J.: 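After the structure tokens below, expect a handful of questions from me.
All figures in this text were calculated on a predicted structure; none of them were measured in a lab. Scope of the values below: all heavy atoms of this structure, side chains included, with no hydrogens, waters or symmetry mates. Letters A, B, ... are given to chains in the order of the sequence lines, protein chains preceding strands, and every chain is numbered from 1.
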Amino acid sequence: MKVLFFGQLREQLGVAELPLDIAPCSVRELRKTLSAKGENWESFLAADNLLVAVNQTICDQNYELSQDDEIAFFPPVTGG
Amino acid sequence: MKVLFFGQLREQLGVAELPLDIAPCSVRELRKTLSAKGENWESFLAADNLLVAVNQTICDQNYELSQDDEIAFFPPVTGG
Amino acid sequence: MSKNIPLISINIQKNDFDHGLEYTQLKEHSDQHGAIVTFTGLVRDMNLGEQVTGLFLEHYPGMTEKVLQKLAAEAAQKWSLGAITIIHRIGQLDVNQQIVFVGVTATHRGEAFDACQFLMDFLKTQAPFWKKEQRGSSAHWLDKRLSDEFAAKKWKER
Amino acid sequence: MSKNIPLISINIQKNDFDHGLEYTQLKEHSDQHGAIVTFTGLVRDMNLGEQVTGLFLEHYPGMTEKVLQKLAAEAAQKWSLGAITIIHRIGQLDVNQQIVFVGVTATHRGEAFDACQFLMDFLKTQAPFWKKEQRGSSAHWLDKRLSDEFAAKKWKER
């Protein structure tokens, strides 16, 4: 799995891309796993308005991830 | 008074501008007076959708005309 | 909401206009205005299923400018705009040529879209222009479209 | 109503774009399409009452293009369009510079206005771009605007 972070979240975590070798799980479980990486991670990943995309398509917390998936976490978009 | 005709009406009547020396009257009365100029005039000026502007502002049949007014008759507009 | 007086430019002309130049002029008055919407109307090659070969545009000089100035002033009352440009061509036009341009700048896009569409809807129903369409060897004065009437009426229900 | 497949052009780029050129390209695909609507978004010099000195735009390469292609395809389903152009810049931008361009051609103006506004409303709420605004010596990631959410939601009520 490859996990990406964008915008303010990327800046807060200080990480843009994180390769992960974990067993297949749901997005919710991945978020819990990542939250354990430290206090920063816990608070930022707990944000209500955090969005997640799997393989570049927005999806919800119940999505079941596979080994080859690209997962991205990011704040609400502000382009245009 | 000066009476102007535009668009299809101008073409049908074969007149673009008509100087008129008549006593002050309403638009409705002017229309009646002009209708008497011939069969063509009667039918074209009777059209339900005919618009009238006095001094370049759309107005209704009851408008009371003065000697110096510029009156224009025309079909619905189709610009843009 | 502050209603600054926008820069209003209205032109009725035989000559073609340069869309890029008009846009650039709108943009130059847009430091505080993040949104620019432009509408351009062209001569279509088909109408009512028939091939169109050209268009003749007649107007009522004097009244046209008056109506468009009034519409621009109304738009400036309704929305907070930076600039309004209206150009309408008259005379003989060929297929695919530009007929009309309406460009508007505003702080936010909703206002720019609304103002531009408002101006076009009322230009279509109130400005004294008449189109005569050439189809092959015959020419026809166009009738007003009911959809234009509806588009203009919608603003009164808002 | 026939739904011809419109010419769709989507670009995410660091470089500025030439509005006049984009318009000309839309116009060249408009023989049957009498209406062209363009939206351009610029960097404003003020936001939330503070002086803005610049803007940094980040995006999610790959996903951005996917989202915009999907939005363009949805617009092509909803309206009968001739061409759709979407350009969005990324990287460092100065005040009054162009950020985004959406241009649409259609047979009638209502469709062109609706499609252009639809694309902008959903680009704002679905395309993965993030803006960091420079105000004097500090920089702030922008929050989403509720008005953008409302604008996008309105389309679902139609």
J.: Checking C:Asp121 against chain D: side chain, backbone, both or neither under 4.5 Å from a heavy atom?
T.: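 C:Asp121 touches chain D through backbone and side-chain heavy atoms alike.
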
J.: Strictly below 4.0 Å, N to O, side chains only: are D:Glu149 and D:Lys144 in salt-bridge contact?
T.: yes

J.: Does any backbone or side-chain atom of D:Thr107 lie under 4.5 Å from a heavy atom of chain C? Answer side chain, backbone, both or neither.
T.: both

J.: Could you tell me how the ring of C:Phe101 sits relative to the ring of C:His19: parallel (under 30°), tilted (30 to 60°) or perpendicular (over 60°)?
T.: perpendicular

J.: Where do C:Val67 and C:Gln126 come nearest, in terms of heavy atoms and distance?
T.: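 Looks like CG1-O, 3.7 Å.
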
J.: At a heavy-atom separation under 4.5 Å, does D:Asn47 approach chain C through its side chain, its backbone, both, or neither?
T.: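 Neither part.
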
J.: Counting heavy-atom pairs under 4.5 Å with chain D, which one of C:Gln117, C:Gln98, C:Arg145, C:Met46 comes out on top?
T.: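 Highest number of pairs under 4.5 Å: C:Gln117.
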
J.: Measuring only between side-chain heavy atoms, which start at C-beta, is C:Arg135 closer than 4.5 Å to C:His140?
T.: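 C:Arg135 reaches C:His140 side chain to side chain.
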
J.: Parallel, tilted or perpendicular, judged at 30° and 60°: which one describes the rings of D:Phe118 and D:Trp155?
T.: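 Plane angle over 60°, so perpendicular.
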
J.: Could you have a look at C:Cys116, C:Ala151, C:Ala112, C:Gly110 and say which one has the most heavy-atom pairs with chain D under 4.5 angstrom?
T.: C:Cys116

J.: Most heavy-atom pairs under 4.5 angstrom with chain D, which of C:Glu28, C:Lys124, C:His33, C:Glu22?
T.: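 Result: the option with the highest number of such pairs is C:Lys124.
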
J.: Select one option (side chain, backbone, both, neither) describing which atoms of D:Phe39 are under 4.5 Å from chain C's heavy atoms.
T.: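 Backbone plus side chain of D:Phe39, per the 4.5 Å heavy-atom cut-off to chain C.
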
J.: Evaluate C:Thr85 against C:Gln25 for side chain to side chain contact (heavy atoms under 4.5 Å, CB included), listing each step before the verdict.
T.: CA-CA 9 Å; C:Thr85 300; C:Gln25 284 175 357; over 6 Å; no

